[in-house]
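The figures here come from the full heavy-atom set of this structure, side chains too, leaving out hydrogens, waters and symmetry mates. Starting from 1, each residue takes its place in the sequence as its number. Nothing here was measured: the structure is a model prediction, and the numbers come from that model.
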Amino acid sequence: MNRTERNLYELYFKKIAIEHIREARISKGWTQAKLAEAIDVSHEFIRSLESLKGKNSFSAFTAWRISKVLDVSLDTLLEFNMEQFRPIIEKAMQENIS
């Protein structure tokens, strides 16, 4: 796997992890503000994290804290199936070459 391909997988991984965090938060009935308070970050951090245009990275420690307060396993939050994204990545790689 070359660097460009790895970067694309990492981008999709982050997006999926963020979506899992959002789903876990909503399923618990929590607002972004409540999650922010529970893990001691700003509401803006969570809002930006969940925004398509916002922050798309966070530390492993932050992911762990989120999993603990939402009572969801870290495995669940970070679940990612590379095979699901292979066609998207291959298409992006082809377009990058062309």
Side-chain angles (χ1 to χ4, degrees):
M1 178 180 310
N2 66 37
R3 174 172 276 180
T4 302
E5 188 176 7
R6 188 178 70 239
N7 289 342
L8 286 169
Y9 274 112
E10 186 172 332
L11 176 66
Y12 281 104
F13 171 78
K14 288 175 184 177
K15 289 184 182 299
I16 294 299
I18 290 166
E19 183 59 27
H20 289 161
I21 290 168
R22 184 180 156 294
E23 289 169 356
R25 176 186 61 75
I26 290 170
S27 126
K28 189 157 176 108
W30 283 22
T31 63
Q32 291 176 337
K34 184 167 182 169
L35 176 58
E37 183 179 334
I39 65 166
D40 196 29
V41 297
S42 70
H43 181 196
E44 182 55 38
F45 176 86
I46 299 297
R47 183 179 17 247
S48 178
L49 181 69
E50 290 187 6
S51 166
L52 291 176
K53 296 179 182 176
K55 177 182 283 298
N56 71 359
S57 65
F58 50 92
S59 71
F61 184 62
T62 297
W64 176 79
R65 289 174 29 213
I66 290 170
S67 78
K68 292 301 179 193
V69 300
L70 293 179
D71 196 28
V72 176
S73 77
L74 200 49
D75 285 346
T76 298
L77 291 184
L78 301 180
E79 176 63 33
F80 182 73
N81 180 350
M82 284 181 67
E83 291 304 314
Q84 175 184 355
F85 291 94
R86 185 173 304 284
I88 297 167
I89 300 298
E90 288 175 353
K91 181 178 180 190
M93 295 296 290
Q94 286 293 0
E95 290 172 359
N96 195 25
I97 293 171
S98 303

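Heavy atoms of other residues, nucleotides or ligands lying less than 6.0 angstrom from CG of N81 number more than 12. The number of heavy-atom neighbours closer than 6.0 Å to NZ of K68, taken from other residues, nucleotides and ligands shown, is 12 or below.
Ion pairing between K14 and E10 holds under the 4.0 Å rule for side-chain N and carboxylate O. Between K34 and E37 there is no salt bridge, since no side-chain N of the basic residue sits under 4.0 Å from a carboxylate O of the acidic one.
Under the rule for a side-chain hydrogen bond (donor to acceptor under 3.5 Å, both in side chains), T31 has no partner lying at least two apart in sequence or in another chain. For Y12, the ring-ring contact (aromatic ring centres under 6.0 Å, His included) partners at least two apart in sequence or on another chain are F85. Evaluation of the side-chain hydrogen bond (donor to acceptor under 3.5 Å, both in side chains) rule for S59 yields T62 as partners, not counting sequence neighbours.
Between the side chain of H20 and the backbone N or O of T76 there is at least one donor-acceptor pair closer than 3.5 Å. For the pair S67 (side chain) and W64 (backbone), a donor-acceptor distance under 3.5 Å is present.
In this structure, V69 and W30 approach most closely via the heavy-atom pair O-CH2, 3.6 Å. Taking every heavy atom of both residues into account, I89 and L8 meet most closely at CD1-CB, 3.4 Å. Looking at every heavy atom in both residues, A63 comes nearest to L77 through O-CD1, 3.9 Å. Across all non-hydrogen atoms, the minimal contact from E79 to I16 is O-CG2, 3.5 Å.
With hydrophobic clusters built from ILVMFWY side chains whose heavy atoms lie under 4.5 angstrom apart, I88 shares a cluster with M82.
Between F58 and I21 the shortest side-chain heavy-atom distance falls below 4.5 Å. Looking only at side-chain heavy atoms (C-beta outward), Q94 and E90 stay at 4.5 Å or farther from each other. Considering only heavy atoms from C-beta on, Q32 stays 4.5 Å or farther from F45 through its side chain.
Distance check, rounded to the nearest 0.5 Å: OG of S27 to CZ of R22 gives 11.5 Å. The line from CD of E44 to CG of L49 is 11.0 Å long, rounded to the nearest 0.5 Å. Taking CE from M1 and CG from N7, the interatomic distance works out to 10.5 Å, rounded to the nearest 0.5 Å.
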